[in-house]
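Residue numbers start from 1 in every chain, and the chains themselves are labelled A, B, ... in the order their sequence lines are given, proteins ahead of strands.
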Amino acid sequence: MTNLYLAIPLLCLSTALLTGLFGKRIGPRGAHCINIAGVAIALLLSLLVYADVRGGHSFNGAIYTWAVSGGVPLRIGFMIDQLSAMMMVVVTFVSLMVHIYTIGYLANDPGYQRFFCYIAMFTFAMLMLVMANNFLQLFFAWELVGLVSYLLIGFWYERESAIFANLKAFLMNRVGDFGFLLGIAAILYLFGSLDYAVVFAGAAISDVQNAVTGFGEWQWTTIICLLLFVGAMGKSAQIPLHGWLPDSMEGPTPISALIHAATMVTAGIFMVARMSPLFELSETALSVVLIVGASTAILMALVGLVQYDIKRVVAYSTLSQLGYMTAALGASAYQVAIFHLGTHAFFKALLFLAAGSVIISMHHEQDMRKMGGLRAIMPITYLTAAVGSFALAGIPPFSGFFSKDAVIEAVRHSRLWGAGYAYAMLLLGVFVTAFYSFRLLFMTFHGSSRAPEATRRRMHESPGVVVWPMVALAVPSLVVGVLFFEPMLNGSLFGDAIHIAPRHDVVAQWAVAYQGQSGVWLILAMVWHSLLSAPFWLAVAGIVFAWYCYCKNTALPSKLAAASGPIYPLLQNQYGFDWFYQNVFANPSVRLAGLLSARIDVGLVDGVLVNGVARLVGRCSAVVRTMQTGLTYHYAFAMIIGLFGLVTWIAWL
Amino acid sequence: MQAHLLSLLIWLPILGGVLLLGIGDCAGKSAGRRLATVRRLVTVRRLALGFALAVFVLSVPLYTQFDTHTAAMQFGEHHIWVRAFNIHYSLGVDGISMPLILLTTLLTVLVVIAGWKVIRARVAQYMAAFLIMEGLMIGVFAALDAVLFYVFWEAMLIPMFFIIGVWGGPNRIYAAIKFFLYTLLGSLLMLVALLYLYHLSGGSFRILDYHQMQLALTPQVWVFLAFFAAFAVKVPMFPVHTWLPDAHVEAPTGGSVILAAVMLKMGGYGFIRFNLPITPDASQELAWMMIGLSLIAVVYIALVALAQRDMKKLIAYSSISHMGFVTLGLFVFNPYGLEGALLQMISHGLISAALFLCVGVLYDRMHSRMLETYGGLATPMPVFATFMVLFAMANCGLPGTSGFVGEFLVILGAFQANAWFAAVAALTLIFGAAYTLWMVKRVIYGKVASPQVAALADVEPREIVVLAVLAALVLLVGVWPNPLLEVMHASTDNLLQHIAVSKLP
């Protein structure tokens with residue numbers, strides 16, 4: 001079995017290397033053939049592994065010893081349980097769809113092979129991340145997916161905006177990784193190992209929790225969890241480390257779907273879920289997670305309202321949905337967070353691919369104000385986008401309905417500090433989410449076309465390689481909610497992979513309401529219950545309001561914007577985060593660097609100290625040199641003075 | 001063979017260098033002899049490569065036949081050199097010096113190849129200087145007698161002085177003299193310390209004897225500071241680092257490579273061989289100073305690097321910042337820190353060499369090191385761009401490259417000592433990425449800056465070989481550092497025991 005596990009990531013790695021090294025020789029066709037074959041086999045094997053794990057075979061073991069230091073072996077190894085197996089399936093499935101889609105999206109791009117090399121490399125790194133059984137490998141893969149993200153955001157490297165965005169993404173992620181790395185160092189310090197199993201076992205021992213040195217009242221577990229969460233905030237783009245994700249839309253759309261919606265950005269969510277035995281020990285950390293998540297959910301959803309770039313709407317939606325997942329983590333509903341991660345991966349990838357399909361058809365126009373009426377021209381794109389939007393808005397029976405409702409219910413049952421605030425924000429977020437997702441749908445596909453005549457004549461439905469992956473993603477967007485709701489609710493979805501302290505188990509409290517029901521009846525009971533509760537009606541209200549604003553009374557949005565006072569500009573400027581970072585961190589750092597370099601390093605250290613000493617020596621020697629006049633009577637005079645002085649001194653003694 | 005391997009490694013390249021000097025460049029000045037001159041150039045280059053390769057191949061058994069279970073010196077040679085003063089010709093390697101010797105022999109080969117076409121003036125002398133320097137540097141790492149060590153240590157400066165002073169840039173004389181004086185001044189204090197130790201030990205110059213010697217705290221502190229003067233300049237540590245940017249900027253590519261990759265390591269090596277085991281109590285006493293200066297190097301120098309517009313200066317400052325990890329790792333006194341520091345030395349040797357070679361590739365084509373000359377190189381030079389991005393990522397300490405291993409272990413080690421040390425050191429994740437990737441953004445990405453840049457030829461096979469060898473090693477060490485760490489364990493354990501036991505009488 002180990003060989004099978006190993007084969008899955010290595011397949012992707014080997015096709016990536018092949019494409020990267022021999023891209024010219026194998027040509028575009030060869031590139032997509034081998035990469036698609038590789039990831040397709042990886043998907044099949046992942047399904048096999050998932051079935052095996054569901055059958056009760058989990059695995060935790062080392063592959064090779066990366067290094068030994070201080071007697072502590074640092075190993076590369078796999079932990080295959082229900083959590084990682086499910087993630088493997090999600091990652092390889094979405095990756096396969098994106099691979100196929102790319103054939104159409106990037107046709108004739110000069111960087112075609114390079115792109116396939118990157119996404120195969122990404123799939124490898126992401127698989128290593130979810131399969132890791134230790135913190136070293138987690139960090140390894142964590143940074144590697146960041147690298148590929150960097151390379152892909154800057155894929156069109158001649159665009160100034162793209163290479164600004166990728167640098168920004170890398171640096172912001174590095175701020176998160178700074179915390180993450182310190183968290184890992186703290187774990188090694190405290191537990192003497194980086195293996196999950198050892199650390200989780202050690203975390204259960206109470207005296208470790210209270211061993212605090214030099215950090216005031218803080219528990220070690222709280223510090224570790226917060227540091228790890230800083231890493232998660234970077235990767236999963238939580239406020240205030242979120243600013244890179246909207247800019248990452250500079251990359252080609254397929255990777256926005258794969259990396260910046262479905263998989264990489266959810267790595268932070270996955271990581272916290274994986275670390276559930278640690279986070280369960282610190283209610284402080286959980287509260288922070290909850291509040292950060294809920295704030296991200298609502299604040300980013302609001303920004304999504306005012307965007308006109310079709311990809312940016314979906315990007316802000318991703319930020320907001322990541323906030324939902326994070327909030328679920330904070331409420332100790334780890335399985336709910338992963339459940340939402342899974343459904344979101346499908347419907348958000350779908351929405352991105354649909355947006356990409358629209359962008360192809362519109363000849364790389366991304367402004368929704370120039371779209372409209374595409375429903376007739378692109379029926380399949382429209383339908384799949386509608387599926388995605390219903391799922392995103394949370395309308396039964398689409399998958400997003402079950403997962404989002406679960407998030408909200410989990411937070412409602414939470415008794416942690418800040419849970420009330422989080423619940424209110426998430427509820428409000430439902431309305432906003434429904435509104436912006438249908439705003440996108442109506443502005444793009446309904447009404448009459450606002451495109452220029454030239455573009456309009458050439459618009460068409462996208463080719464099969466683009467459309468079929470969307471259809472393939474629409475299916476799970478429709479059904480995974482129904483299929484996985486019950487195991488998620490009764491806790492069998494992840495089994496031992498997730499650890500929840502009984503007093504935090506909000507899902508169990510929620511499940512009490514559905515006790516004794518199963519199968520279809522459970523689903524029906526759940527849907528029925530939701531029809532009587534707020535989130536569903538908020539979503540419906542959002543859709544109706546969007547319909548009213550963008551189909552019925554299209555003058556209303558601009559009136560509302562004008563009437564909103566400072567709110568609209570505030571949203572358009574994304575609360576000024578970018579301005580703040582640019583003017584408080586980036587620019588002053590560069591200015592400080594220039595000052596240090598010119599004044600301190602060249603001026604003080606080298607100028608005054610080093611060359612100053614040299615000058616001093618030079619000046620002394622210049623003085624001494626003047627005595628060497630070469631005139632005999634000077635020397636004679638000096639001799640007489642010297643002799644006189646010497647004699648006087650001796651006489652004195 | 002094994003018994004004289006180290007001698008062979010030291011004297012074979014020196015012999016080769018002398019031979020090349022004897023052959024010389026020109027067969028004559030007359031027009032008719034031009035063809036002979038060209039032929040002689042080819043001979044000289046081939047001979048230089050032959051010697052460098054032979055030395056490298058001969059050095060491989062150092063690794064393959066190395067006994068990883070002992071901290072004792074291996075491949076030893078001991079002869080009396082000057083009986084009157086009890087000076088020995090005494091050589092040997094342990095897990096600390098052996099990898100550094102391999103680094104030296106490998107990089108000399110690469111430097112010879114890198115200078116193949118580029119160096120046109122005084123080729124024989126150029127190649128000879130590098131070969132002779134190779135022998136002397138191996139001598140530094142292998143010497144077990146203090147006087148022998150000192151002789152190699154000082155002699156090594158001479159070829160480097162000429163490399164900068166003869167084949168360097170416009171301001172080469174200033175840089176060469178600065179380099180020479182700076183390092184000489186430190187070395188003289190080391191000589192005083194060595195003579196003092198000779199006196200105390202009752203007339204021994206054996207370095208290993210010093211390791212066993214009792215010493216009161218005050219003399220320990222003085223000895224420590226004297227060694228510090230020599231080694232801190234070499235590393236270089238803040239605030240005695242300012243010779244390095246000047247030297248790098250003026251040195252030819254090969255000079256920069258050897259300077260950054262090998263010579264800086266001698267500072268770190270000196271701390272390991274002399275300060276830590278001979279003056280452990282002073283090391284503990286002064287650890288705060290060493291850690292403080294290291295952290296300044298990591299953070300402050302990184303900021304200074306951010307402001308550079310000359311690529312070589314930028315990489316030079318980056319070197320200082322990365323070497324801060326070496327000294328930090330050494331003075332937190334635990335296995336992670338120490339092994340991290342050793343690994344960082346090797347890794348920095350590979351990465352800085354690669355980055356300087358990359359700048360060399362550009363300089364050979366455009367004769368500019370300024371960032372603003374370039375831009376959009378990915379378009380005309382895709383293969384080069386791939387290498388450059390790879391090495392830049394390694395410089396940022398990306399996992400999977402050797403740059404990660406050392407920094408990671410040192411941060412782990414620093415955390416064991418004090419979480420705040422680790423926190424400051426980990427800032428390199430942000431600053432290191434900032435200055436490196438900003439450079440990449442301005443040089444590799446973006447619109448093609450000028451017609452000259454658009455017309456640039458991509459790297460040729462000769463350059464690819466050099467960069468590919470380094471890339472392979474950077475990745476290999478990053479993905480699997482264990483083979484490298486394994487040879488160090490016995491020696492580092494032994495060293496840590498030395499530090500833990502007080503030498504106070």
Side-chain angles (χ1 to χ4, degrees), chain A residues 20 64-72 74 114 136 139-144 146-147 150-151 154 157-160 162-164 166-167 170-171 174-175 177-179 181-182 184-186 188-189 213-215 223 589-590 592-598 600-602 604-606 609-611 614, chain B residues 178 181-182 238-243 246 300-301 303-308 317 334-336 339-340 376 378-379 386 389 393 396 398-400 404-405 408-409 411-416 418-419 422-423 426-427 429-430 433-435 437-438 441 444-448 479-482 485-486 489:
Chain A
Y64 75 92
T65 302
W66 181 74
V68 180
S69 189
V72 177
L74 304 170
R114 186 161 55 95
L136 171 78
F139 189 75
F140 231 82
W142 188 269
E143 291 266 290
L144 210 55
L147 165 73
Y150 166 83
L151 292 171
Y157 50 76
E158 294 198 339
R159 283 190 198 168
E160 191 57 37
I163 59 176
F164 175 80
N166 75 348
L167 185 62
F170 200 91
L171 290 184
R174 272 292 168 106
V175 174
D177 296 347
F178 165 78
L181 186 60
L182 286 179
I184 292 173
L188 183 76
Y189 172 63
T213 43
F215 283 91
I223 293 166
S589 294
V590 173
L592 177 69
L595 202 74
L596 289 179
S597 173
I600 306 292
D601 219 60
V602 176
L604 183 69
V605 179
D606 203 37
L609 294 182
V610 177
N611 289 335
Chain B
K178 193 173 182 178
L181 286 183
Y182 232 125
F238 177 87
V240 287
H241 63 277
T242 54
W243 63 273
D246 284 320
Y300 159 82
I301 296 291
L303 274 169
V304 173
L306 195 62
Q308 302 309 313
Y317 277 111
N334 57 48
Y336 305 112
E339 294 185 350
T379 308
T386 309
V389 171
M393 284 297 167
C396 302
L398 194 86
F404 169 71
V405 191
F408 181 64
L409 290 175
I411 288 173
L412 292 183
F415 199 98
Q416 312 274 320
N418 184 328
L427 285 174
L429 279 181
I430 303 165
Y435 64 72
L437 295 186
W438 197 22
K441 174 175 180 278
I444 301 291
Y445 296 141
K447 288 218 163 34
V448 176
V479 174
W480 196 30
N482 207 34
L485 284 169
E486 251 173 2
H489 290 321

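A search for side chain to side chain donor-acceptor pair (under 3.5 Å) contacts involving B/Asp246 returns B/Lys178, not counting sequence neighbours. For A/Asp177, the side chain to side chain donor-acceptor pair (under 3.5 Å) test picks out A/Trp142, with sequence neighbours left out.
Within the 4.5 angstrom heavy-atom criterion, only side-chain atoms of B/Leu485, from C-beta onward, approach chain A. Using a 4.5 Å cut-off between heavy atoms, A/Ile163 touches chain B through backbone and side chain atoms alike. A/Leu595 does not touch chain B: none of its heavy atoms, backbone or side chain, sits under 4.5 Å away. The parts of A/Ala186 that come within reach of chain B are both its backbone and its side chain, each placing non-hydrogen atoms under 4.5 angstrom from that chain. With a threshold of 4.5 angstrom between heavy atoms, B/Thr379 approaches chain A through its backbone and through its side chain. For B/Phe238, the part sitting under 4.5 Å from any heavy atom of chain A is the side chain, from C-beta outward, and nothing else. Of the atoms belonging to A/Leu596, heavy atoms from both backbone and side chain fall under 4.5 Å from chain B. Neither the backbone nor the side chain of B/Glu486 comes within contact range of chain A, judged by heavy atoms closer than 4.5 Å. Interface residue A/Leu188: backbone and side-chain heavy atoms are both found under 4.5 Å from chain B. Both the backbone and the side chain of B/Leu398 come within contact range of chain A, each with at least one heavy atom under 4.5 Å from a heavy atom of that chain. Heavy atoms of A/Phe170 lying under 4.5 Å from chain B belong exclusively to its side chain. Within the 4.5 angstrom heavy-atom criterion, only side-chain atoms of A/Leu167, from C-beta onward, approach chain B. When heavy atoms are compared at a cutoff of 4.5 Å, B/Trp438 approaches chain A by way of both its backbone and its side chain. Only the side chain of B/Glu339 comes within contact range of chain A, with heavy atoms under 4.5 Å apart.
With hydrogens and angles disregarded, a donor-acceptor distance shorter than 3.5 Å links the side chain of B/Trp480 to the backbone of A/Thr65.
The nearest pair of heavy atoms linking A/Ser597 to B/Ala307 is CB-CB, 3.8 Å. Pairing each heavy atom of B/Tyr445 with each of A/Leu151, the nearest pair is OH-CD2, 3.8 Å. Residue A/Ser589 comes nearest to B/Leu306 through the heavy atom pair O-CD2, 4.2 Å, listed as atom of the first residue, atom of the second, then distance. Nearest heavy atom pair, residue B/Tyr317 against residue A/Asp601, reads OH-OD2, 2.6 Å. Among all heavy-atom pairs drawn from A/Ser69 and B/Tyr336, the shortest one is O-CE2, 3.4 Å.
Ring geometry, B/Phe408 versus A/Phe139: the interplanar angle falls under 30°, so the pair is classed parallel (tilted spans 30 to 60°).
No other option in B/Ala414, B/Cys396, B/Gly413, B/Gly340 has as many heavy-atom pairs under 4.5 Å with chain A as B/Cys396. Contact count against chain A (heavy-atom pairs under 4.5 Å) is highest for B/Val479 among B/Val479, B/Leu181, B/Val448. Ranking B/Val389, B/Ile444, B/Leu427, B/Ile301 against chain A, the residue ahead of the rest is B/Leu427, based on heavy-atom pairs under 4.5 Å. Heavy-atom pairs under 4.5 Å with chain B were tallied for A/Leu604, A/Leu592, A/Leu144, A/Val590; the largest tally goes to A/Val590.
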Item to check | CA sep, side-chain torsions, deciding dist, call: B/Leu412, A/Val72, side chain to side chain contact (heavy atoms under 4.5 Å, CB included) | outcome: CA-CA 12 Å; B/Leu412 292 183; A/Val72 177; over 6 Å; no
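Between A/Glu143 and B/Phe404, the closest side-chain pair of non-hydrogen atoms is not below 4.5 Å. Side-chain atoms of A/Asn166 and B/Lys441, non-hydrogen and from C-beta on, never get closer than 4.5 Å to each other. Within the 4.5 Å cutoff, the side chain of B/Asn482 has no heavy atoms near those of the A/Tyr64 side chain.
The CG atom of A/Leu181 sits 4.5 Å away from atom CD1 of B/Ile411, with the distance rounded to the nearest 0.5 Å.
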